[in-house]
Amino acid sequence: MFGGLYLINQVFEMPGAAIAWVAVVIGVHFFALAWAWRMPMYHWLGAAMTLLGLAGFVAYALGASDGIVALIAGVGSGAALYGAVAAGIRDTRSRAAARV
């Protein structure tokens, strides 16, 4: 992640795209976590965050403002994470209720 941030900020001088890079890196790492922890829901989260990060890159390339890129890649990823937490809580509660 840090090497990519260095390239984006210092070499390419595109700091507005940095949040998109972070979303892609974090999204991709959820695929490994899904496999390691046997949690298929993380595949969905990884796909959503990776796509939001890529959408942020596309928006930046098309001339969108830094705020729009941050909205797509940053806030969108936050919403995806929030949704995953909500789904996990719901799943845990339904499993607990089934055991009773």
Which other residues belong to the hydrophobic cluster containing Leu62, where Ile, Leu, Val, Met, Phe, Trp and Tyr are joined when side-chain heavy atoms lie under 4.5 Å apart, directly or via other members? Val58

Measuring from Met41:CE to Leu33:CG, what's the distance to the nearest 0.5 Å? 11.0 Å

d(Leu52 CG, Ile26 CD1) to nearest 0.5 Å is 12.0 Å

Heavy-atom closest pair, residues [X] and [Y]:
X	Y	result
Ala55	Ile72	CB-CG2, 3.8 Å
Ser77	Met49	CB-CE, 3.7 Å
Ala73	Ala23	O-CB, 3.8 Å
Gly56	Ala20	C-CB, 3.9 Å

What I'd like to find out is whether the side chain of [X] reaches to under 4.5 Å of the side chain of [Y], using heavy atoms alone.
X	Y	result
Phe30	Trp44	no
Glu13	Ile8	no
Val69	Phe57	no
Thr50	Phe31	yes
Asp66	Tyr60	yes

[X] with [Y], same ILVMFWY side-chain cluster at under 4.5 Å:
X	Y	value
Ile68	Val75	no
Val11	Val25	yes
Leu81	Met39	yes

Please list, chain by chain and in numerical order, all residues satisfying salt bridge (Lys or Arg N to Asp or Glu O under 4.0 Å) with Asp91, sequence neighbours excluded. Arg95

